[in-house]
Amino acid sequence: MVKPVITGRTKLVGILGHPITHTLSPAMHNAAFAALGLDFAYLPFDVRPEELKNAVAGIRALSIVGVNVTVPHKETVLDSLDVVTEAAGLIGAVNTIVNHDGRLTGYNTDAIGFLKALEDTGFDPRGKEAAVLGAGGAARAVGAALGMSRIRRITFFNRTLERAKELAQMVAGATGVQSTAVPWEEMGKSGMSIIRSADIVVQTTSIGMHPREAECPPVPADAFRKDQVVVDLVYNPAPTRFLKRAAAAGARTQDGVRMLLHQGAAAFELWTGRPAPITVMENALKTAQAASQVAEHP
Ligand code: NAP
């Protein structure tokens with residue numbers, strides 16, 4: 001890997017999250033800057049929730065070009081921004097900020113990242129049925145993306161049912177797509193037929209994410225079927241236990257790395273105005289992911 005050289009003209013970008021040591025984004029973006037010869041550097045910033053407003057003020061004060069925003073700040077950061085795009089406002093979450101001369105605009109590139117990753121599987125959402133596990137920030141991006149892609153029906157399963165109901169209403173209101181909320185515990189009971197008949201199942205919760213690799217949403221193995229598309233947004237580990245279970249049942253599976261790549265590429269283009277070098281970013285992600293798995297399981 002080419003080490004970035006910091007100069008007096010280096011432009012700074014980064015990521016705000018807490019915790020942040022797990023992030024693969026610095027490797028992906030710094031490799032892309034190096035490949036295109038751009039004098040940019042990408043750093044991780046561990047920002048505790050009570051420091052988020054100060055951190056956002058710091059973007060302006062330090063003339064930082066922009067940042068990614070990750071768990072747990074994607075929703076709370078909206079209050080500190082000057083402008084939020086229509087899509088990010090609808091989703092209710094921002095994962096990318098661009099600093100235009102001190103004016104901070106919030107974007108959501110998760111939705112486009114999810115759709116681009118889905119394109120890689122060859123799946124066309126038009127007229128299909130989806131089951132989405134979760135109703136957090138990532139589920140909101142997935143719901144909006146599927147709704148805008150004219151899927152026919154979406155069912156959201158969530159532990160906190162109220163959150164799923166609110167999301168289903170948002171998607172139905174904004175896109176006209178039939179959307180319903182079902183309690184999480186129904187997944188292995190009456191909800192099983194919904195999962196079995198879905199053309200696509202998207203796992204958007206943090207279940208199964210490091211260090212909870214042993215955990216898995218309670219979808220019985222026989223709820224999956226051959227040729228169904230099953231996506232898990234978790235990228236560490238990749239694949240998760242959930243995805244392995246779906247693959248064993250014959251489903252076509254995709255882990256969270258493709259979405260991570262495409263949401264990062266969209267952010268890169270917003271900051272630099274240059275087309276993202278996708279292959280370079282993908283290779284950097286794979287290398288960083290392998291290194292982080294070796295570090296955790298030496
Ligand atoms: P979030 O807003 O905090 O939402 C978390 C979701 O997980 C909620 O639906 C929550 O249910 C559910 N959940 C957590 N623990 C649970 C448990 N023990 N049992 C049942 N449900 C549980 O987080 P987020 O931003 O949506 O992120 C979720 C995951 O997506 C993370 O793993 C993140 O890394 C991943 N992600 C990946 C990408 C990518 O590019 N691949 C992009 C975005 C996010 P409640 O509502 O009941 O709390």
Side-chain angles (χ1 to χ4, degrees), residues 15-25 28-29 49 68-78 88 91-96 107-118 120-121 131-145 155-168 170 181-188 191 202-219 230-243 253-268 281-282 285-286 288-289 292:
I15 180 163
L16 314 183
H18 180 73
I20 200 62
T21 50
H22 67 284
T23 182
L24 303 178
S25 293
M28 171 169 68
H29 285 286
N68 283 134
V69 182
T70 188
V71 180
H73 305 312
K74 284 184 183 180
E75 290 163 48
T76 45
V77 79
L78 265 78
I91 293 165
V94 159
N95 78 329
T96 302
Y107 296 81
N108 189 304
T109 68
D110 279 338
I112 186 73
F114 170 73
L115 284 182
K116 287 241 175 213
L118 204 53
D120 294 345
T121 70
V132 174
L133 313 189
R140 293 183 69 86
V142 167
T155 305
F156 295 96
F157 291 84
N158 200 47
R159 180 178 60 179
T160 309
L161 185 60
E162 276 312 307
R163 225 175 162 189
K165 281 184 180 166
E166 199 271 320
L167 174 51
M170 180 280 275
V182 174
W184 183 257
E185 51 282 6
E186 289 303 319
M187 214 180 292
V202 190
Q203 196 310 100
T204 76
T205 77
S206 45
I207 297 174
M209 186 172 92
H210 177 76
R212 293 156 58 190
E213 286 99 334
E215 294 177 14
C216 183
V219 180
V230 179
V231 179
D232 195 331
L233 301 199
V234 173
Y235 53 83
N236 180 15
T240 54
R241 209 175 143 197
F242 173 79
L243 217 53
T253 58
Q254 185 186 64
D255 63 47
V257 178
R258 295 300 298 172
M259 174 171 165
L260 184 67
L261 170 67
H262 287 298
Q263 63 76 33
F268 180 95
M281 294 172 87
E282 184 177 12
L285 261 186
K286 283 182 187 157
Q289 195 185 27
S292 78

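Just so you know, ligand 1 is whichever comes first in the structure, and atom 1 is the first atom listed for that ligand. Worth saying up front: this structure is predicted, and the values here are computed from it rather than measured. We use all heavy atoms of the structure for the numbers below, so side chains are in, but hydrogens, waters and symmetry mates are not.
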- Task: Please could you name the atoms of ligand 1 that Gly134 approaches to less than 4.0 Å, counting only its heavy atoms?
- Result: 9 (O)
- Query: Would a 4.0 Å cut-off, counted as strictly less than, catch a protein heavy atom around atom 3 (O) of ligand 1?
  - Reply: no
- Does any N or O atom in Thr160 lie less than 3.5 angstrom from one in ligand 1, N or O only? yes
- Query: Hey, which atoms in ligand 1 end up nearer than 4.0 Å to a heavy atom of Gly137?
  - Reply: 2 (O), 26 (O)
- Do any nitrogen or oxygen atoms of Arg163 lie less than 3.5 angstrom from nitrogen or oxygen atoms of ligand 1? yes
- Verdict with supporting geometry, Val71 and His18, side chain to side chain contact (heavy atoms under 4.5 Å, CB included): CA-CA 7 Å; Val71 180; His18 180 73; over 6 Å; no
- Identity and distance of the protein heavy atom lying nearest atom 22 (C) of ligand 1: Arg159 CZ, 3.8 Å
- For ligand 1, note which part of Ala138 has a heavy atom under 4.0 Å away: side chain, backbone, both or neither. both
- Note on the structure: Trp184 heavy atoms within 4.0 Å reach ligand 1 at atoms 20 (C)
- Query: Quick one: do Asp110 and Arg140 make a salt bridge, cutoff under 4.0 Å?
  - Reply: no
- So for Met187 against ligand 1, with non-hydrogen atoms under 4.0 Å, the contacting part is neither
- Just which atoms of ligand 1 are under 4.0 Å from any heavy atom in Tyr235? 41 (N)
- Message: Would Val234 count as a polar contact of ligand 1, with the cut-off being nitrogen or oxygen pairs under 3.5 Å?
- Response: no
- Query: Counting both backbone and side chain atoms, is some N or O of Lys74 under 3.5 Å from an N or O of ligand 1?
  - Reply: no
- dist Ile207:CD1 -> Arg212:CZ (nearest 0.5 Å) comes out at 6.0 Å
- Message: Taking the basic N atoms (NZ, or NE/NH1/NH2) and the acidic carboxylate oxygens, is any pair closer than 4.0 Å for Arg159 and Glu185?
- Response: no
- Message: Among all the protein's non-hydrogen atoms, which is closest to atom 37 (C) of ligand 1, and how far away is it?
- Response: Leu233 O, 3.2 Å
- Is Val257 close to ligand 1, meaning an N/O of one under 3.5 Å from an N/O of the other? no
- Query: Taking both backbone and side-chain atoms of Ile207, is any N or O found less than 3.5 Å from an N or O belonging to ligand 1?
  - Reply: no
- Heavy atoms, side chains only, cut-off 4.5 Å: are Asn108 and Gln263 in contact? no
- Task: Look at the side chain of Thr160 and the backbone N and O of Glu162, then say whether any donor-acceptor pair between them is shorter than 3.5 Å.
- Result: no
- Item | Ligand-residue contact atoms, ligand 1 with Gly256, heavy atoms, under 4.0 Å | 39 (C), 41 (N)
- Ala135 near ligand 1 by a heavy-atom separation under 4.0 Å: yes
- Considering heavy atoms of the protein only, find what lies nearest to atom 42 (C) of ligand 1 and give residue, atom and distance to 0.1 Å. Met259 CE, 3.5 Å
- Task: For Asn68 and Thr96, indicate whether the former's side chain and the latter's backbone hold a donor-acceptor pair under 3.5 Å.
- Result: no
- Okay, side chain of Glu213, backbone of Glu215: is any donor-acceptor separation there less than 3.5 Å? no
- Task: Could you tell me whether the side chain of Asp232 and the main chain of Leu243 form a donor-acceptor pair under 3.5 Å?
- Result: no
- Query: With distance as the sole test, does Asn236 use its side chain to make a donor-acceptor pair with the main-chain N or O of His210 at under 3.5 Å?
  - Reply: no
- Message: Once you restrict to heavy atoms under 4.0 Å, what part of Met209 touches ligand 1? Side chain, backbone, both or neither.
- Response: side chain
- Query: Nearest non-hydrogen atom to atom 12 (C) of ligand 1 belongs to which of Thr23, Thr204, Thr205, Asp110?
  - Reply: Thr205
- First locate atom CZ of Phe156, then atom CG of Leu161, and finally report the distance between them rounded to the nearest 0.5 Å. 12.5 Å
- If we only count heavy atoms from C-beta on, is the Leu285 to Tyr235 side-chain gap below 4.5 Å? no
- Query: What is the nearest protein non-hydrogen atom to atom 14 (C) of ligand 1, stated with its residue, atom name and distance?
  - Reply: Ser206 OG, 3.5 Å
- Is ligand 1 under 4.0 Å from a heavy atom in the side chain of Asn95, in the backbone, in both, or in neither? neither
- Donor-acceptor contact present, side-chain Thr23 to main-chain Ile20, <3.5 Å: no
- Query: Which bit of Asn158 gets closer than 4.0 Å to ligand 1, counting heavy atoms only: side chain, backbone, both or neither?
  - Reply: side chain
- salt bridge (Lys or Arg N to Asp or Glu O under 4.0 Å) between Glu166 and Arg163, worked out: CA-CA 5 Å; Glu166 199 271 320; Arg163 225 175 162 189; over 6 Å; no
- Message: Suppose we measure from atom 15 (N) of ligand 1 to each protein heavy atom; which comes out shortest, and what is that distance?
- Response: Arg212 NH2, 3.5 Å
- Gap between atom CG of Leu133 and atom CZ of Phe242 - 0.5 Å precision: 5.0 Å
- Message: Pairs of nitrogen or oxygen atoms closer than 3.5 Å, one from Leu260 and one from ligand 1: do any exist?
- Response: yes
